[in-house]
Amino acid sequence: MPSNSSEAESFLPAMAAIAREAGALLMDYFHQHLKIEYKGEADLVTAADRAAEKLIRERITQNWPDHDVLGEEQGLSDRGSDYRWYVDPLDGTTNFAHGFPVFCVSLALEHRTSKLDGERVAGVIYDPTRDELFSVAKRKGAHFNGQAIHVSKIRSLQESLVATGFPSHKRHKNPNIYFYHQITLRSHGVRRAGSAALDLCNVACGRFDGFWEFNLNPWDTAAGVLLVEEAGGKVTRFDGSPFELNSRETLATNGLIHAELMREFAEIFAGRGLETPPDPREYKR
Ligand code: IPD
Ligand code: CA
Ligand code: CA
C-alpha cells in the first residue's frame, strides 16, 4: 500500500508524465482527420483512443510491472496485484472525433485492500488542448498546474453553474433529460461539455458548483471523484448514499449545494417535470 499519503503522492510525477505523453499523442491525432468507428449506435471510438491506451499501458508496465490495469479499450489486465489503475485514454471521444476541443486523459491508482474493496490513492487528469494538469493524492489535496485548488463557495442552486452528461449507449433508457430540464430552470445553467472527467475537474477548481451523471464507468470517475473530495467537495449517489466506482449515479458538488440538489432529484424522480411541454405557439407570442 502507499502506507502513508507521502507514498501515494510519490506516484504523481510519473503519472503526470504518462498523462502528458498520452495527451501529446492525442493532439497529434486531433490534427489529422480520423476515421470514426462505432462501438454502439452513438458510441464512438477512434485510433487515438486505442493508441493512447496502448502507450499508457506500456508506461505503467515499464514503471510498475506487477500492477493491474483496467482500461476502457482493452479491459482488465489482472496480475494479482494490490494496485489497480483505472485508465480512460481519451475522455470526450465524441468531441474529439468532431474536432471540438474538450477532451482529456484520466488516470487513477487504487490500492486494493481485498478482492472487493479498494481505496483510490492518486490520480491525474490532463487536458492537452489547454495544457491543464489536475493531480491529486489522498490526504494531500488537489492541485491544478501545481497550485492547490478548492471547490467553490456558492451556497444555493439558484446561483450555481452546474454540469451533466448523457451516455452514448442505451440513450432511450436514460431519464437525464428531465433532470437537465428541471435543473436548468433552477440554476444559472447546466453545461454539457462532453467529458465527465473534465466536468469533475471543473467542480474541484470551482468553475462548476456541481455535476451529476447517470451510468458513468469506473474509468470516467476514478480520478475525478478523488480530486473533488480532496478539493473539499462531496461525492455521493443521488440519494446521498456513499459513492462507489460501480454506483452508476454520480453527484459531485462543492458540498454546499449538495442537499438542495438531492432534494430536487428526489422530486424529479417522484414525477415533477413530466408535464406536457408548452405549445410552440406560446413561444411566438
Ligand atoms: C464519455 C464522456 C461523456 C459522458 C459519457 C462518457 P468517453 O466518455 O465522459 O462526457 O457523458 O457518459 O461515456 O466515451 O468519451 O470516454
Ligand atoms: Ca470516458
Ligand atoms: Ca474514453
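In this text, all values refer to a predicted model and were calculated from it rather than measured experimentally. Whatever order the structure lists them in is the order used to number ligands and atoms, beginning at 1. Below, each value reflects all heavy atoms present in this structure, side chains not excepted, and no hydrogens, waters or symmetry copies.
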**Q.** Flag, side chain of Ser247 to backbone of Phe243, donor-acceptor distance under 3.5 Å
**A.** no

Q | Non-hydrogen atom of Leu90 closer than 4.0 Å to ligand 1 | A | yes

Q: For the Ca ion (ligand 3), find the closest N/O/S atom on Glu72 and give its atom name.
A: OE1

Q) Counting each atom of ligand 1 from 1 as listed, which ones have a heavy atom of Glu213 under 4.0 Å away? A) 4 (C), 5 (C), 11 (O), 12 (O)

Q. For ligand 1, which atoms, with element, lie under 4.0 Å from some heavy atom of Asp220?
A. 8 (O)

Q | Atoms of ligand 1 close to Asp88 [distance to a heavy atom under 4.0 angstrom, numbered from 1] | A | 16 (O)

Q.
Ring centroids only, cut at 6.0 angstrom: are Phe214 and Phe238 within range, meaning strictly under it?
A. yes

Q | Step-by-step salt bridge (charged side-chain N to carboxylate O under 4.0 Å, His left out) determination, Glu58 to Lys54 | A | CA-CA 6 Å; Glu58 280 167 12; Lys54 182 166 175 283; 3.2 Å; yes

Q) Checking only N/O/S atoms, does Pro89 have one that is under 3.0 Å from the Ca ion (ligand 3)? A) no

Q. Taking all non-hydrogen atoms of both residues, which atom of Ser152 and which atom of Asp209 are closest, and how far apart?
A. OG-OD1, 2.6 Å

Q.
Under the criterion ring-ring contact (aromatic ring centres under 6.0 Å, His included), I'd like the reasoning laid out for Tyr126 against Phe134: C-alpha separation, chi angles, the key distance, then a yes or no.
A. CA-CA 6 Å; Tyr126 181 57; Phe134 294 84; 9.6 Å; no

(Q) Using a 4.0 Å cut-off to any heavy atom of Gly194, which atoms of ligand 1 qualify? (A) 2 (C), 3 (C), 10 (O)

Q: Give the atoms of ligand 1, by number and element, whose distance to some non-hydrogen atom of Thr93 is under 4.0 Å.
A: 15 (O)

Q | Numbering as shown, the atoms of ligand 1 that approach Gly92 to under 4.0 Å (heavy-atom distance) | A | 7 (P), 15 (O), 16 (O)

Q: Tell me which N, O or S atom of Asp88 sits nearest to the Ca ion (ligand 3).
A: OD1

Q) Which of these, Asn176, Asn217, Thr250, Asp91, has its nearest heavy atom closest to atom 1 (C) of ligand 1? A) Asp91

(Q) Are any of the N/O atoms on Leu216, whether in the backbone or the side chain, positioned under 3.5 angstrom from an N/O atom of ligand 1? (A) no

**Q.** Distance filter under 4.0 Å to Pro167 heavy atoms, resulting ligand 1 atoms
**A.** 12 (O)

**Q.** Atoms of ligand 1, numbered as shown, that sit under 4.0 Å from any heavy atom of Gly165
**A.** 11 (O)

Q.
Below 30° counts as parallel, above 60° as perpendicular, anything between as tilted: where do the rings of Phe179 and Trp212 land?
A. tilted

Q) Checking salt bridge (charged side-chain N to carboxylate O under 4.0 Å, His left out) for the pair Glu267/Arg263: CA distance, chi angles, key distance, verdict? A) CA-CA 6 Å; Glu267 281 190 36; Arg263 280 196 301 276; over 6 Å; no

